[in-house]
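Shown next, in structure tokens, is the structure this report addresses.
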Amino acid sequence: MIQPATPSWKLPAALAAALLVGALLGWLADGHVAVGVALVAVAEVVLLLTRIGHQTPPMMATPAAASPLQHDRFMMRSRRIASSLRDLRNAASQLPDAVVLLDRQQQIRWFNHAAENLLGLRRPQDRGAPLQQRMAGSDLADWLRRGTQEPLSDIAAPGQADSQINVSMLPFGDHEQLLLARDISHLNRLEQIRRDFVANVSHELRTPLTVIHGYLELLDLEDVPELAPVLSEMRTQSKRMGQIVEDLLTLSRLETQHQVADERVPMASLLATVRKEAEALSQGRHRIVLESTAEADLLGSPKDLHSALSNLVSNAVRYTPTGGSIMIRWQRVPDGAVYSVSDTGFGIPATHLARLTERFYRISSSRSRDSGGTGLGLSIVKHVLNLHQAQLQIDSTPGVGSTFACHFGHARLLTPGGSDDD
Ligand code: ADP
């Protein structure tokens, strides 16, 4: 008689729990539950195959007392299971994403074909090798040393110099880990084409728009009073189109830039300018207050910082009804300094907050257009802040008002009047 192995609920339970964790991590990592589940399933298959390999006698051998029929059945079942597992592993090796299974010491246990191409791993010599050591000198090694908590974006693939990859790590099982690397070169190329297209179109539109605007300005409305409303609207619209083109060109420049010039930006004069601009735009319709206590200058691009900081003030004026107040603050906080603009305006419903810095994202298109907006202001603000390693925080309550705050770290602060080496 074949004694059936003691039924153990532990292994299936552990596998199911790992799948659940995979689903959760997949969802957390890039919003795809299925990716997490699939990857953990692959890892489980590899683990099971390894186990079968190691445990051949107890799992695969038939007990001596089995009848020939039972023996045949047993062998057939074992072969079927082994073949299914092999199929699954073969399918995993063909995945377009690089998958590397690591043990608790981050040594390589298994990897697929894409990992050979993208990460430059070689079999059989890299099996058992510590991944960090194998990736020495690359961004990936630094990331592994730092602990892999956050996914790593847009780095050169160690195995293919002209490819870029995104990398993430999914922990599972008994302190094992699954490294996943995705080739994003194609996406990057498409993104570059989009950027070039927008920049070229904007550039091409600039000259004809300047000509049209110039001629419209030359026309004297008093000479053609019957056309005065039409001409006036044409002037407004051509000015608006000109502003959109300029903002698009600014965005294209900011997008391709990786760092800014490190110049001293005197905050006292910048804040005074920003306040004057707000007063000119408001034309006495709002109470505008400036409170500057930080006693710090900024290090960065004067032109870009002026554009970002004045954009926030201009928005506060445009989205605050007559009689409202606008408060501009520049103050120290424990981790640096904050420039903030608070208004008592229309406010923004919470559902819109996360998308406000997207290009052309508006809560009310007509309100934005009527107040002279291009829909690109906050997008420019976000890019300028990114280039200065600063963060934008938006707090708003509909009907009460909004606060847009820019957090600058200590590395971007200078003592006013000091030397530029402060
Ligand atoms: P726009 O040129 O349309 O103002 P922005 O990118 O500057 O474009 O702003 C995007 C949208 O965010 C605006 O259309 C508006 O709906 C909202 N918004 C920005 N600032 C404020 C504010 N201070 N109060 C209320 N809504 C605002």
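Note that ligands are numbered from 1 as they come in the structure, with each ligand's atoms numbered from 1 the same way. From a predicted model like this one, the values you see are computed outputs, not experimental measurements.
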* Could Arg367 and Phe346 be counted as a cation-pi pair, given that NZ or CZ must be under 6.0 Å from the ring centre and within 45° of the axis? -> yes
* Identity and separation of the nearest protein heavy atom to atom 3 (O) of ligand 1 -> Ser368 OG, 2.5 Å
* For atom 13 (C) of ligand 1, grab the closest protein heavy atom and report residue, atom and distance to one decimal in Å. => Tyr319 OH, 3.4 Å
* Worked verdict on Glu277 versus Thr273 for side chain to side chain contact (heavy atoms under 4.5 Å, CB included) -> CA-CA 6 Å; Glu277 287 168 353; Thr273 308; 3.7 Å; yes
* Structure fact -> ligand 1 to Leu378, heavy atom cutoff 4.0 Å, flagged ligand atoms 5 (P), 6 (O), 7 (O), 9 (O), 10 (C), 12 (O), 19 (C)
* Counting only heavy atoms, which portion of His352 has something under 4.0 Å from ligand 1: side chain, backbone, both, or neither? -> neither
* Asked: Mind checking whether Gly347 has an N or O less than 3.5 Å away from an N or O of ligand 1?
  -> no
* Structure fact -> A student checking ligand 1 against Arg318 at a 4.0 Å heavy-atom cut-off should list atoms 1 (P), 2 (O), 4 (O)
* To do: In plain terms, say whether Arg412 and Asp262 are close enough for a salt bridge, that is, a side-chain N and a carboxylate O under 4.0 Å apart.
  => yes
* Take every heavy atom of Tyr361, measure it against each atom of ligand 1, and state whether any distance is under 4.0 Å. => yes
* Is the backbone N or O of Ile184 less than 3.5 Å from a side-chain atom of Arg189, with the two atoms forming a donor-acceptor pair by type? -> no
* Asked: Which of the atoms in ligand 1, numbered in the order shown and given with their element, are less than 4.0 Å from a heavy-atom of Gly377?
  -> 5 (P), 6 (O), 7 (O)
* Asked: When you look at Glu176 and Arg104, which way does the side chain to side chain contact (heavy atoms under 4.5 Å, CB included) test go after all the steps?
  -> CA-CA 5 Å; Glu176 277 128 337; Arg104 51 168 60 210; 5.7 Å; no
* To do: Give the atoms of ligand 1, by number and element, whose distance to some non-hydrogen atom of Thr374 is under 4.0 Å.
  => 2 (O)
* Go through the steps for Tyr339 and His407 under the test side chain to side chain donor-acceptor pair (under 3.5 Å), then give the verdict. => CA-CA 7 Å; Tyr339 167 87; His407 290 250; over 6 Å; no
* Asked: Would you call Lys276 and Glu279 a salt bridge, taking side-chain N to carboxylate O under 4.0 Å as the test?
  -> no
* N or O pair under 3.5 Å between Ser364 and ligand 1 -> no
* Should the pair His352 and Tyr361 be assigned to parallel (<30°), tilted (30 to 60°) or perpendicular (>60°) ring geometry? -> tilted
* Structure fact -> Note: heavy atom closest to atom 14 (O) of ligand 1, options Lys382, Arg362, Arg367, belongs to Arg362
* To do: Check each atom of ligand 1 against the heavy atoms of Ser402 and keep those under 4.0 Å away; list them by number with element.
  => 24 (N)
* Nearest non-hydrogen protein atom, atom 12 (O) of ligand 1 -> Leu356 CD2, 3.3 Å
* **Closest protein heavy atom (residue, atom, distance) for atom 16 (O) of ligand 1** => Ile363 N, 3.2 Å
* Within the side chain of Trp330, is there an N or O that forms a donor-acceptor pair under 3.5 Å with the backbone of Ala296? -> yes
* Considering only the protein, which heavy-atom contact is closest to atom 23 (N) of ligand 1, and what is its distance? -> Asp343 OD2, 2.9 Å
* N/O separation below 3.5 Å, Asn311 to ligand 1 -> no
* Asked: Hey, is Phe404 touching ligand 1 through its side chain, its backbone, both or neither, going by heavy atoms under 4.0 Å?
  -> side chain
* Asked: Between the side chain of Asn166 and the main-chain N/O of Asp154, is any donor-acceptor distance below 3.5 Å?
  -> yes
* Asked: Sub-3.5 Å donor-acceptor pair from the side chain of Ser379 to the main-chain atoms of Thr357, do we have one?
  -> yes
* Asked: Got an N/O contact under 3.5 Å between Gly375 and ligand 1?
  -> yes
* To do: Note the single closest protein heavy atom to atom 19 (C) of ligand 1, along with its residue, its atom name and the distance in Å.
  => Asn315 ND2, 3.5 Å
* Asked: Are there more than 12 heavy atoms of other residues, nucleotides or ligands under 6.0 Å from atom CD of Gln133?
  -> no
* To do: Give the contacting part of Ile348 toward ligand 1: side chain, backbone, both or neither, where contact means a heavy-atom distance below 4.0 Å.
  => side chain
